[in-house]
Amino acid sequence: MSENGFSSDEVMTVAAARELTDRTVCFVGIGLPSTAANLARLTHAPRTVLVYESGTIGSKPATLPLSIGDGELAETADAVVPVPEIFNYWLQGGRIDVGFLGAAQIDRFGNLNSTVIGDYDHPKVRLPGGGGAPEIAAMAKQVIVIIRQSQRTFVERLHFRSSVGYGTGPGDRERLGMSGGGPTVVITDLGLLRPDPESRELTLARIHPGVELDQVRESTGWPLRVADDLRETEPPLEDELRVLRELRATLEAAA
Amino acid sequence: MSENGFSSDEVMTVAAARELTDRTVCFVGIGLPSTAANLARLTHAPRTVLVYESGTIGSKPATLPLSIGDGELAETADAVVPVPEIFNYWLQGGRIDVGFLGAAQIDRFGNLNSTVIGDYDHPKVRLPGGGGAPEIAAMAKQVIVIIRQSQRTFVERLHFRSSVGYGTGPGDRERLGMSGGGPTVVITDLGLLRPDPESRELTLARIHPGVELDQVRESTGWPLRVADDLRETEPPLEDELRVLRELRATLEAAA
Amino acid sequence: MADLVRLEEAVSELVHDGDSVALEGFTHLIPFAAGHEIVRQRLRDLTLIRMTPDLIYDQMIGAGCARRMIFSWGGNPGVGSLHRFRDAVENGWPAPLELEEHSHAGMANRYAAGASNIPFAVLRGYVGTELMERTGTLAPISCPFTGEMLTAVSALNPDVGIVHAQRADREGNVQIWGIIGVQKEIVLASDRSLVTVEEVVAELEPQPGAIVLPAWAVTAVAEAPRGAHPSYAHGYYDRDNGFYQRWDAISRERDTFTEWMDEHVMARAGTR
Amino acid sequence: MADLVRLEEAVSELVHDGDSVALEGFTHLIPFAAGHEIVRQRLRDLTLIRMTPDLIYDQMIGAGCARRMIFSWGGNPGVGSLHRFRDAVENGWPAPLELEEHSHAGMANRYAAGASNIPFAVLRGYVGTELMERTGTLAPISCPFTGEMLTAVSALNPDVGIVHAQRADREGNVQIWGIIGVQKEIVLASDRSLVTVEEVVAELEPQPGAIVLPAWAVTAVAEAPRGAHPSYAHGYYDRDNGFYQRWDAISRERDTFTEWMDEHVMARAGTR
């Protein structure tokens, strides 16, 4: 909890929720993405459609799930479909507006590593792996990345490319035949970055309340581009924080 | 109705039903095949599993369906699955023991035409087409063909090859990569033919009661091979005829 | 979100001359009401796509809507020929009909590929049949791992997909049960989709065997009670097997066919 | 027909050293009881196949059952690492673990291809990722109609497929509802299959959202009440989220892990 009365997790989650407009169809993973999408659904975007990779479409959980397959996701869904179908007909079919992704590392073009730290064959840290991310990154109309920002996570060179953002720059997604649009925003605990429309390089567009620009630069493993019109993130509203904290309490109560 | 007290349709249907042993999984089309499979189920093979291409698995209809998608097939089924699944997971998956097929023409190697009489582009008669047959013929472990026998149906040369029996002879199915075993019996209104184990040519193995061998030869568009141990088909039993007639009555009552 | 509209409007907004149109429903839930509305709106040069053309395409072909048909089995199930289909192919009446012919397995996979946004699907099928030479949307393909030869079929993505269903709620979420056929695939494979329903209800009660198409995956929903007759709607009414049998005589001659269509389809705008 | 047998017998008859084994269940219905029985029977050199290895494979890897793993996401959902999986990959304890790594979409399609008896499936996926270079069961493939480049994944046909389900009847017909994941695919893709169930009942009541696997498509059925715990069985018991969180501490060190396994798995033969 910062002196502002909210934690860096909270400002990230609220910033992510705000990116969702109503009636958006979101493919959500567990953790911050699921929290952010449910926060949007319970505040400004009540008709947000949540799709979980376990096959639940239109889930409306009252409590936050710990896994992407909790029973409540199925009980409150409009439809539950087999896993091959969720990936083929719904994600690859081009019906997902927004995919939320996290990662262990990100590079300046929004490519993601969720596979290993170190060498693939002899890793220092074996991470969980790509899961649903490679195809979400390729196929969702728009991708929102949520990741803590530091020299360890914002790296010059990924140890493994698990999912593609903009590859090596403009035109790469098109060359790779990707049907989705790529990352439109990267939300961190320090601020919010958007790809430059021309170069596709991530550019700091918002800085969270109480964060210094130097701190953001020092937390980035490459020379950070900063938008000319850099502004401060609007702090979480009281109502957003209340709903978010109620949501998180349901998760802790269930454990 | 012949002087024997049963019609040629009845002897065909009973002969087909007898080919089914209990617990056989049958992929059935409408008409004689469906009647024969249901007759088997209601007489000597109560655990015959009926699979219809509309996606019903384990249907146990009390009345004969007119179409392969009648409501009763779904109501009495163990499972109802989408049509892509019935063809991919169940038929192509190698789970069908017996496929029943009819046709407008058959050749000496059990290849079938259900597409056109005459030239494909300017047909004399446009028939319905292959439907489920091409893949049933390729993939069922065993195929039973039911067809009336005459110079028009037992032809030297098919006008169109809609489904493959033994192609041009031994080894063809293997060369074509077919997972199923091919036709093991062809049941007609005159008798019953089986492929020769070596040459794969259809060979008359049984002749129905009251039918003369010359009549069968004259009803065949090629020089007919006859088994050394040709025997007469055992006439339909009273019980078989009773159940068959009750079944057919349900079809007429429903119309 | 799916718009809830009148059938007349839905057809006039979604279907245009020259479109490729799939009216699906595997024996069950055949969208006759929508097909009849297409006939009444005198749409022309359609490419009609359906695994089993059934009576509905016999009627649309005889009424002159079709230029081309993509199909796998064109008969009157358990009865015999589709006479209007035959007359078009054999005699070019009322107009010649181009055919693109597949097997059921191929059509089902083409729909699934279309719904999956991939340009083709792979199956073991067609090999050894003359369809391999006759049909352009078929090609041999070799497995990159085993070298085995299989068959590729090109995806189907109709301009318009039309199905009938039991129910929708007021949001346009659609519920289908009983034989579900390729209803989901065709809605998802098509650029635009129309679902006619027996009734619009306040809430979709869960049903054993039911699937739900969310409203945001459907373009338009129109109420059309008995809209599948003489096919059926599981839980609402049975298949009218008698009509399927009577159709043989009605459709055999051009005159009796035209008379029947005039009386039962053309004269019934909005009154079905 | 499926044999109704005791779990111990089913595992000892169906699973052998060196087999490829898939214990599936996407978060829901994970077959923990069967996995524990495999551990108790000290099976070795298994190739473990699962989209999300989850705690069950963490346990089996730590217990020394595995030589190889085919997977797409190896974490403790919502909690963090699978420490036994990491220890095997990073330090080779208790034995080195070979990996064959895919994405979820790829694994799901590999199962579907296996169930469909075709040697590969096609998807848009993997392109631009380093998995393309690392994984041998991936290959580029071009569409024979459009020339587009897509990705082929080879089919998965495990020696043994194991899933948990809510119910079976006395014939061995199996009923599953809630999140159905890839349960059907893995049973149909495998040479031999074992379904553990919460209970055997006289008759399967139809349930909204339920699928049924007919007895003749399953090799063996074994009753294993609470056999998915700490995963869950929809309609029977909830996911034990607390256990998933506690597993982080239990599994972090080799000693505490081994102690836990000795007490909760090895010592419980037949008493689970």
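Keep in mind it's a predicted model, so treat the numbers as computed, not measured. A note on names: the letters A, B, ... follow the listed sequences, proteins ahead of strands, and every chain is numbered from 1.
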Enter the distance from [X]:[atom1] to [Y]:[atom2] here, rounded to the nearest 0.5 Å.
{"X": "D:I179", "Y": "A:S59", "atom1": "CD1", "atom2": "OG", "value": "7.5 Å"}
{"X": "D:Y126", "Y": "A:E135", "atom1": "OH", "atom2": "CD", "value": "6.0 Å"}
{"X": "D:N109", "Y": "A:Q92", "atom1": "CG", "atom2": "CD", "value": "7.0 Å"}
{"X": "D:N241", "Y": "A:T63", "atom1": "CG", "atom2": "OG1", "value": "9.0 Å"}

With respect to chain A, which residue among [options] yields the maximal number of heavy-atom pairs within a distance under 4.5 Å?
{"options": "D:M107, D:R124, D:H102", "answer": "D:R124"}
{"options": "D:V127, D:L82, D:V79", "answer": "D:V127"}
{"options": "D:G125, D:S103, D:G75", "answer": "D:S103"}
{"options": "D:Y111, D:F85, D:F243", "answer": "D:F85"}
{"options": "D:R86, D:H234, D:E148, D:E130", "answer": "D:E130"}
{"options": "D:M149, D:M51, D:E90", "answer": "D:E90"}

Do any of residues 113-125 of chain A come closer than 4.5 Å to chain D, heavy atom to heavy atom, and if so which ones, in number order? A:T115, A:Y120, A:D121, A:P123, A:K124, A:V125
Checking [X] against chain D: side chain, backbone, both or neither under 4.5 Å from a heavy atom?
{"X": "A:L127", "answer": "backbone"}
{"X": "A:D172", "answer": "neither"}
{"X": "A:E75", "answer": "both"}

State which residues pass side-chain contact (heavy atoms from CB on, under 4.5 Å) with D:P208; sequence neighbours excluded, sorted by chain then number. C:P206, C:P208
Under 4.5 Å between any side-chain heavy atoms of [X] and [Y], yes or no?
{"X": "D:E185", "Y": "A:P84", "value": "yes"}
{"X": "A:V83", "Y": "D:H104", "value": "no"}
{"X": "D:L123", "Y": "A:F87", "value": "no"}

Tell me, side chain or backbone of D:R134 under 4.5 Å from chain A's heavy atoms, or both, or neither? side chain
In this structure, are over 12 heavy atoms from other groups packed under 6.0 Å from A:E174 atom CD? yes
If you count heavy atoms of other groups shown closer than 6.0 angstrom to CD of D:E133, is the number above 12? yes
Per-residue tally against chain D (heavy atom, under 4.5 Å) across A:M139, A:R173, A:R175 peaks at A:M139
Options A:A79, A:P134, A:G132, ranked by heavy-atom pairs under 4.5 Å with chain D, top entry: A:G132
Hits for side chain to side chain donor-acceptor pair (under 3.5 Å) against D:N157, two or more places apart or cross-chain, chain-then-number order -> none
Minimal non-hydrogen separation, A:P82 against D:I180, with atom names: CG-CD1, 3.9 Å
What salt bridge (charged side-chain N to carboxylate O under 4.0 Å, His left out) pairs are there with at least one residue in residues 26-40 of chain A, not counting sequence neighbours? none
Any Lys/Arg nitrogen of D:E101 or A:R126 sitting under 4.0 Å from an Asp/Glu carboxylate oxygen of the other? yes
Determine yes or no for a side-chain-to-main-chain donor-acceptor pair under 3.5 angstrom, with A:R161 supplying the side chain and D:G128 the backbone. yes
